[in-house]
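Index from 1, following the sequence.
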Amino acid sequence: MTIFEKIAAREISAQIVWEDDEVMAFHDVDPKAPVHVLIVPKRVIPRLAESADTDQALLGKLLLTTRIVAEKLDLLTSGYRVVINNGPDAGESVPHLHVHVLGKRPLTWPPG
Ligand code: DGP
């Protein structure tokens with residue numbers, strides 16, 4: 001099981017922001033901004049590069065869930081960044097696809 005599957009199974013605790021039968025959103029344990037939430041599909045896709053055409057609806061759902069998180073955590077006006085790290089050069093550390101939502105501070109561009 002991945003760490004995020006264990007969170008979904010309540011074997012590891014997390015501060016959950018949103019959940020339904022397909023996805024869950026919870027606060028990152030090592031936040032890089034005042035708001036740093038991860039959105040994770042309950043069905044494991046290891047990373048974006050290993051997604052398939054049949055994952056289209058679930059991938060769309062992950063992006064649509066960013067709006068729910070932004071509404072819940074008051075990011076709609078101030079703005080927020082959505083990030084997916086894929087593979088070593090991007091710093092991916094958990095092999096279970098996840099979308100980062102970062103906000104509540106100005107974020108520099110380009111990212112490091
Ligand atoms: P990435 O580098 O894109 O693979 O991001 C993985 C993120 O997962 C990283 O920001 C830290 C977070 N993380 C790792 N383990 C846990 C955990 O047990 N609980 C929570 N809430 N977040 C975790």
Side-chain angles (χ1 to χ4, degrees):
M1 266 175 124
T2 69
I3 274 180
F4 297 156
E5 284 179 287
K6 289 180 181 171
I7 287 174
R10 298 330 197 244
E11 289 179 20
I12 294 176
S13 67
Q15 251 187 291
I16 295 168
V17 175
W18 166 261
E19 181 175 22
D20 67 12
D21 54 342
E22 291 180 314
V23 304
M24 69 187 305
F26 50 86
H27 289 276
D28 194 293
V29 78
D30 182 21
K32 300 296 189 277
V35 169
H36 186 172
V37 167
L38 303 176
I39 304 171
V40 173
K42 292 188 175 177
R43 175 168 65 78
V44 180
I45 300 170
R47 61 192 52 80
L48 205 51
E50 290 176 48
S51 60
D53 290 351
T54 49
D55 296 322
Q56 183 171 339
L58 187 55
L59 295 177
K61 175 124 186 207
L62 291 171
L63 288 184
L64 289 170
T65 305
T66 64
R67 193 193 61 217
I68 295 171
V69 168
E71 283 168 358
K72 284 191 164 295
L73 299 180
D74 188 32
L75 300 173
L76 289 180
T77 304
S78 53
Y80 53 98
R81 183 168 293 167
V82 174
V83 173
I84 298 175
N85 293 321
N86 187 102
D89 277 358
E92 176 203 311
S93 61
V94 178
H96 181 155
L97 179 63
H98 47 283
V99 174
H100 298 257
V101 178
L102 300 128
K104 290 291 181 194
R105 72 168 171 83
L107 298 160
T108 57
W109 190 264

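- For residues 33-63, every residue pair satisfying the ring pair (Phe, Tyr, Trp, His ring centres under 6.0 Å) rule, not counting sequence neighbours, is listed here: His36-His100.
- For residues 25-40, the pairs satisfying salt bridge (Lys or Arg N to Asp or Glu O under 4.0 Å) are Asp30-Lys32, with sequence neighbours left out.
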Please list every donor-acceptor pair under 3.5 Å in which a side-chain atom of residues 62-77 meets a protein atom from a residue at least two apart or in another chain.
residue: Thr65; atom: OG1; partner: Lys61; partner atom: O; Å: 2.6
residue: Thr66; atom: OG1; partner: Leu63; partner atom: O; Å: 2.5
residue: Asp74; atom: OD2; partner: Lys104; partner atom: NZ; Å: 3.3

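- Contact detail for Val44 and Pro95: the closest heavy-atom pair is CG1-O, 4.3 Å.
- Two different hydrophobic clusters hold Val101 and Met24 under the rule that ILVMFWY side chains link at heavy-atom gaps under 4.5 Å.
- The two atoms that bring Ala49 and Asn86 nearest to each other are N-OD1, 2.9 Å, heavy atoms only.
- Other residues sharing the hydrophobic cluster of Met1, ordered by chain and number and joined by side-chain separations under 4.5 Å: none, the residue standing alone.
- Through chains of ILVMFWY side-chain contacts below 4.5 Å, Leu102 is grouped with Val83, Leu107.
- Across Lys42 and Asp20, no two heavy atoms sit closer than the pair NZ-O, 2.7 Å.
- When side chains are defined from C-beta on, Val40 counts as touching Phe26, because their heavy atoms get closer than 4.5 Å.
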Side-chain donor-acceptor contacts of residues 2-14 below 3.5 Å, not counting sequence neighbours, with atom names and distances?
residue: Thr2; atom: OG1; partner: Phe4; partner atom: N; Å: 3.4
residue: Thr2; atom: OG1; partner: Glu5; partner atom: N; Å: 3.0
residue: Thr2; atom: OG1; partner: His96; partner atom: ND1; Å: 2.6
residue: Glu5; atom: OE1; partner: Thr2; partner atom: N; Å: 2.8
residue: Arg10; atom: NH1; partner: Ala8; partner atom: O; Å: 3.3
residue: Arg10; atom: NH1; partner: Glu19; partner atom: OE1; Å: 3.4
residue: Arg10; atom: NH1; partner: Glu19; partner atom: OE2; Å: 3.1
residue: Arg10; atom: NH2; partner: Glu19; partner atom: OE1; Å: 2.8

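- Applying the side chain to side chain donor-acceptor pair (under 3.5 Å) definition to pairs two or more places apart or across chains, those involving residues 44-55 are Arg43-Asp55, Arg47-Glu50, Arg47-Glu92.
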Leu59 and Leu48: CA distance, side-chain angles, deciding distance, side chain to side chain contact (heavy atoms under 4.5 Å, CB included) verdict: CA-CA 9 Å; Leu59 295 177; Leu48 205 51; 4.1 Å; yes
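- Under the 4.5 Å side-chain heavy-atom criterion for Ile, Leu, Val, Met, Phe, Trp and Tyr, Val94 and Val99 are members of distinct hydrophobic clusters.
- In the hydrophobic clustering of ILVMFWY residues, with side-chain heavy atoms under 4.5 Å counting as a link, Leu38 and Trp18 come out apart.
- Under the 4.5 Å side-chain criterion, counting only non-hydrogen atoms from C-beta, Val17 is in contact with His27.
- Among pairs with a residue in residues 39-72, none fulfils ring pair (Phe, Tyr, Trp, His ring centres under 6.0 Å), at least two apart in sequence or across chains.
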